[in-house]
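Have a look at the structure below, then the notes.
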2 protein chains.
Amino acid sequence: MNSATPGRARPQRADAKRNYEALLAAGKSVFAQSGTQAPLEEVARRAGVGQGTLYRQFPTREHLFAAIMSESIDLLDRTARELLTAPDPWDALVQWLRLYDESAARYRGMTRVVAEGIADDSSPVAVACTPMRASFGDLFDRARAAGLVRPDLTALQLFTMISALPKDPERGTTVPPYLDVVLKGIKP
Amino acid sequence: MNSATPGRARPQRADAKRNYEALLAAGKSVFAQSGTQAPLEEVARRAGVGQGTLYRQFPTREHLFAAIMSESIDLLDRTARELLTAPDPWDALVQWLRLYDESAARYRGMTRVVAEGIADDSSPVAVACTPMRASFGDLFDRARAAGLVRPDLTALQLFTMISALPKDPERGTTVPPYLDVVLKGIKP
DNA sequence: ACCTGAACACCGTTCAAGT
DNA sequence: ACCTGAACACCGTTCAAGT
């Protein structure tokens, strides 16, 4: 469970909770199928709820994104903390970035949303990413402290840069040389 | 003059030509002020023409982009051909990429449009970029042939990658380390 | 307290009527 | 041949009425 997901802590009526789950499932399905620009109307329709219910549960499209991503974010967060004890700081960093790239491939356009929202601390995506950003920051700092990364680059900058790389329209991941170029380029 | 700009070759009625220029100026003004997502309605309003006239002259938003960019593209095209005779192939390549980054800063969101349209040969942006892409390709190939660039990277890939880099919201150019990271990363 | 769905707003696009 | 601007379409967002 990602504690940063908004509104999940306080009790809800049973039907509200059911609708929340239905909207989440519909959102995943619609975004996976039609990309992150798909009409929200379709999400409500597929969830079998009124449009107002969608807006009550997820005030903006970004709130829905954040909720959908939270499972992947939890996994990335846990993985970053595990990799913190891996013997080679550089390999650990690279391994995490490749996992991030693959995780983001599930929903077309998702990393673009992340790249755009991450700099604004008030955005739901940035809030949802907070724990993962912290653990990735640790992973990044370990590599940088070991002199394996150029000192003028921040963890947030690298994360933003990877998120913004163009995607292969078929596989959804970054085109191979792009990631390699960045990984080579961040060395000191 | 960029011969790839659509519809500029055949004769037009005087008022049509006036409207074309007015729409181009209004587009520059609106996009510079409000970014590339601004309502097209505002472009027509500021040009003092009906909406239908805008759609007649520029069937899609991308067509208007392409026309607006064509002056910058011509400059970039000429510069690439000039730099082809510069003594150092690597410096010439870097110099051109920095010029591209600065040129793109004038209209917020413009390089994103380029990054998205460039892969589709039928897009107006791709058509407008054709001569520039060819001359940049020569500049790139010269550096690669000299063994200064990794051999598995294409000119189009590098161009796309640079275009997609996140921008500083204030200056409009890429955040400094991003460009440096890519330039270091493309070395063999 | 939450849900529904009609109504509204916004803006891209089309097209009948006009010059 | 081109222009105008009202009309239409699409979709995000709000809100009055219902449970």
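Reminder, nothing fancy here: chain letters follow the sequence lines and each chain counts from 1. Every value quoted in this text rests on a predicted model; they were computed, and no experiment measured them. What's counted below: heavy atoms across the whole structure, side chains too, no hydrogens, waters or symmetry copies.
- Leu54(A) places its CG atom 12 Å from the P atom of dT14(D), with the value rounded to the nearest Å.
- Phosphate contact (OP1/OP2 of dC2(D), side-chain N/O of Asn19(B), threshold under 4.0 Å): absent.
- In this structure, the side chain of Gln57(A) engages the main chain of Ala16(A) through a donor-acceptor pair within 3.5 Å.
- Leu165(B) places none of its side-chain heavy atoms less than 4.5 Å from the side chain of Asp101(B).
- Among the nucleotides dC11(D), dG12(C), dT14(D), the one closest to any side-chain atom of Tyr55(A) is dT14(D).
- For dT13(D), its base sits under 3.5 Å from the side chain of Gln51(A) at one donor and acceptor pair at least.
- Closest-nucleotide positions on DNA chain C for Arg56(A) and Glu41(B) were compared, and the one nearer the 5' end corresponds to Arg56(A).
- Atom CZ of Arg18(B) is separated from atom C1' of dT19(C) by 14 Å (rounded to the nearest Å).
- Side-chain atoms of Ser103(B) come within 3.5 Å of backbone atoms of Leu99(B) as a donor-acceptor pair (strictly under, hydrogens ignored).
- Taking atom CZ of Phe58(A) as the reference point, atom P of dC3(C) lies 11 Å away to the nearest angstrom.
- Base-pair partner of dT14(D): dA6(C) (Watson-Crick or G-U wobble, both distances under 3.5 Å).
- Glu21(B) places its CD atom 13 Å from the P atom of dC3(D), with the value rounded to the nearest Å.
- Atom CG of Leu40(A) is separated from atom P of dC10(D) by 17 Å (rounded to the nearest Å).
- dG12(D) atom P lies 11 Å from atom CD of Glu42(A), rounded to whole Å.
- Of all nucleotides present, only dT19(C) satisfies the Watson-Crick or G-U wobble test against dA1(D), with each distance under 3.5 Å.
- Here the C1' atom of nucleotide dT4(D) and the CZ atom of Arg45(B) are 16 Å apart, to the nearest Å.
- Remark on DNA chain D: of its neighbouring residues Thr53(A) and Gln37(A), the 5'-side contact belongs to Gln37(A), judged by nearest-heavy-atom nucleotide.
- Across the protein-nucleic acid pair, Glu62(A) atom CD and dG12(D) atom C1' stand 15 Å apart, rounded to whole Å.
- In this structure, Trp96(A) and Tyr100(A) have parallel ring planes: the angle between them is below the 30° cut-off, well short of the 60° mark.
- In summary, Asp180(B) and Lys187(B) do not engage in a salt bridge, as defined by a charged side-chain N under 4.0 Å from a carboxylate O.
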